[in-house]
Every structure is written in C-alpha cells, then in structure tokens.
Amino acid sequence: MYEYIFYLIVFSSISFIYYGINSLLSKRMHSEYSRWGYDNLRLFLAWCQLLGGCGLIIGMLNHSLNPLISITSFLLTIMMLTAVFTRIKSKDGLLLTLPSLFYSILNAIIFFQSIS
C-alpha cells in the first residue's frame with residue numbers, strides 16, 4: 001500500500017469517529033438528522049460512522065486485516081454518496097454538499113488502493 005494512503009486512512013478514520021460522536025451527542029446534529037428525515041436512523045448511522053472509523057484504523061494497524069480496509073472504505077463511500085444525495089434532496093447547496101462529496105472521493109481512493 002502506498003505511503004500516502006496511510007495519511008488518508010488516518011484522516012478519514014479520525015473524521016468519522018469525530019462525526020459519529022457528534023451524531024450521538026450533539027443537539028445540533030440531532031436536529032440535522034430530523035431535517036434530513038433520518039431521525040429514526042441517527043443512532044444507527046452514528047454507530048456506523050464510529051465502526052467505520054475504527055475499522056479503518058484496525059485494518060491499517062493489522063496488515064493481515066487488509067480486507068477490513070477494503071470493506072470499510074467501500075461502505076463509507078456508499079454512506080457518503082448517500083449523504084451527497086440527501087444534501088441535494090434537502091437543497092442544502094454546494095457548500096454544504098462538498099464535505100460529503102470529499103469523503104466519498106477520499107474513501108473511494110482508499111478502497112481502490114486497498115484492492116490493488
């Protein structure tokens with residue numbers, strides 16, 4: 001695996017762990033999930049974000065678990081593409097949609113590097 005992928009994995013995993021914690025604890029995030037129509041899925045999605053971030057770290061630290069990086073980054077890519085469509089559907093505008101798009105691309109890069 002290329003060295004820059006290490007940094008991408010660290011950045012993505014920390015971001016998803018942070019966002020997952022915010023999704024669990026933040027009142028602002030609770031209202032955002034309600035606005036998007038995902039209030040009933042907030043806890044599930046928060047745990048998916050936390051597990052995704054942890055999965056990337058565990059897969060990176062234990063090279064025998066490289067398939068874990070592939071699976072996790074693929075699922076995070078799908079989650080973030082769904083977030084892009086949610087932002088578009090909610091008419092949030094480009095500035096609010098860019099982070100979801102960025103993380104979709106970032107995790108797609110991690111995924112494709114992990115399977116090559």
Side-chain angles (χ1 to χ4, degrees):
M1 202 177 310
Y2 298 108
E3 184 176 318
Y4 75 92
I5 293 299
F6 168 82
Y7 297 107
L8 297 182
I9 290 172
V10 168
F11 181 77
S12 181
S13 61
I14 290 171
S15 298
F16 275 97
I17 291 169
Y18 175 78
Y19 200 83
I21 291 169
N22 271 339
S23 295
L24 285 173
L25 304 176
S26 166
K27 289 183 181 184
R28 184 185 67 78
M29 288 306 301
H30 191 313
S31 66
E32 284 293 290
Y33 278 91
S34 294
R35 185 175 67 84
W36 297 324
Y38 294 133
D39 190 40
N40 59 335
L41 293 174
R42 181 180 60 87
L43 295 177
F44 173 75
L45 293 171
W47 281 105
C48 287
Q49 294 159 3
L50 286 168
L51 291 172
C54 291
L56 289 176
I57 290 173
I58 293 167
M60 180 184 64
L61 294 176
N62 188 341
H63 296 293
S64 65
L65 294 175
N66 193 40
L68 184 59
I69 292 175
S70 301
I71 293 166
T72 304
S73 59
F74 177 77
L75 292 173
L76 289 173
T77 300
I78 299 301
M79 180 187 286
M80 289 295 95
L81 286 173
T82 304
V84 168
F85 290 116
T86 298
R87 292 286 193 169
I88 292 169
K89 181 183 164 195
S90 299
K91 297 179 175 39
D92 281 349
L94 182 61
L95 198 58
L96 292 174
T97 305
L98 281 177
S100 302
L101 185 60
F102 170 77
Y103 282 103
S104 335
I105 294 168
L106 174 67
N107 282 285
I109 291 169
I110 294 169
F111 171 71
F112 285 113
Q113 287 298 317
S114 71
I115 62 172
S116 63

Rounded to the nearest 0.5 Å, what's the gap from CD on Gln113 to OG on Ser73? Could you check?
-> 10.5 Å

State, to 0.1 Å, how close Ile57 and Ser13 come at their nearest heavy-atom pair, and which atoms those are.
-> CG1-OG, 3.3 Å

Pairwise side-chain contact, Leu45 with Ser23, heavy-atom cut-off 4.5 Å (strictly under) = no

Any residue meeting side-chain contact (heavy atoms from CB on, under 4.5 Å) with Ile78, in chain and number order, not counting sequence neighbours = Phe74, Thr82

Inter- and intrachain pairs under ring pair (Phe, Tyr, Trp, His ring centres under 6.0 Å), touching residues 12-33, at least two apart | Phe16-Tyr103, Tyr33-Trp36

With side chain to side chain contact (heavy atoms under 4.5 Å, CB included) as the test, would you mind laying out the steps for Val84 and Ser104 before giving the verdict?
-> CA-CA 8 Å; Val84 168; Ser104 335; 3.9 Å; yes

Side chain to side chain donor-acceptor pair (under 3.5 Å) partners of Arg87, counting only residues at least two apart = Asp92

Is any side-chain heavy atom of Leu76 less than 4.5 Å from a side-chain heavy atom of Ile110?
-> no

Closest heavy-atom pair and its distance - Thr97, Gly93 = OG1-O, 2.7 Å

Transitive ILVMFWY side-chain link Leu75 to Leu106, under 4.5 Å | no

What is the distance from atom CG of Asn22 to atom CD1 of Ile17, rounded to the nearest 0.5 Å?
-> 12.5 Å

Going by the ring pair (Phe, Tyr, Trp, His ring centres under 6.0 Å) test, which pairs reach into residues 41-61, not counting sequence neighbours?
-> none

How about Asn107 and Thr77: does a side-chain donor come under 3.5 Å of a side-chain acceptor?
-> no

Distance, nearest 0.5 Å, that separates CZ of Phe111 from CD1 of Ile5 | 12.5 Å

Report yes or no: do Tyr4 and Ile14 belong to one cluster of Ile/Leu/Val/Met/Phe/Trp/Tyr joined by side chain heavy-atom distances under 4.5 Å?
-> yes

So do Leu24 and Leu50 actually touch side chain to side chain, heavy atoms under 4.5 Å?
-> yes

What pairs of residues pass the salt bridge (Lys or Arg N to Asp or Glu O under 4.0 Å) test when at least one of them lies in residues 12-30, not counting sequence neighbours?
-> none

Residues in side-chain contact (heavy atoms from CB on, under 4.5 Å) with Leu98, at least two apart?
-> Leu94, Leu101

Hey, are the side chains of Met29 and Arg42 touching, using non-hydrogen atoms and a 4.5 Å cut-off?
-> no

So, do Asn62 and Leu68 sit near enough that their side-chain heavy atoms are less than 4.5 Å apart?
-> no

Does CG belonging to Leu95 count more than 12 external heavy atoms closer than 6.0 Å?
-> no

At what distance, to the nearest 0.5 angstrom, does OG of Ser100 lie from CD1 of Ile105?
-> 11.0 Å

So how far is it from Ser70 OG to Leu56 CG, rounded to the nearest 0.5 Å?
-> 10.0 Å

Ser90 (side chain) donor-acceptor with Thr86 (main chain) under 3.5 angstrom | yes

CD1/Ile58 to CG/Leu51 distance, rounded to the nearest 0.5 angstrom?
-> 9.0 Å

Close side-chain approach of Asn66 and Ile69, heavy atoms under 4.5 Å = yes

Kindly check if the number of other-residue, nucleotide or ligand heavy atoms within 6.0 Å of CZ (Phe102) is above 12?
-> yes

Transitively linked via ILVMFWY side-chain contacts under 4.5 Å: Phe11 with Ile109?
-> yes

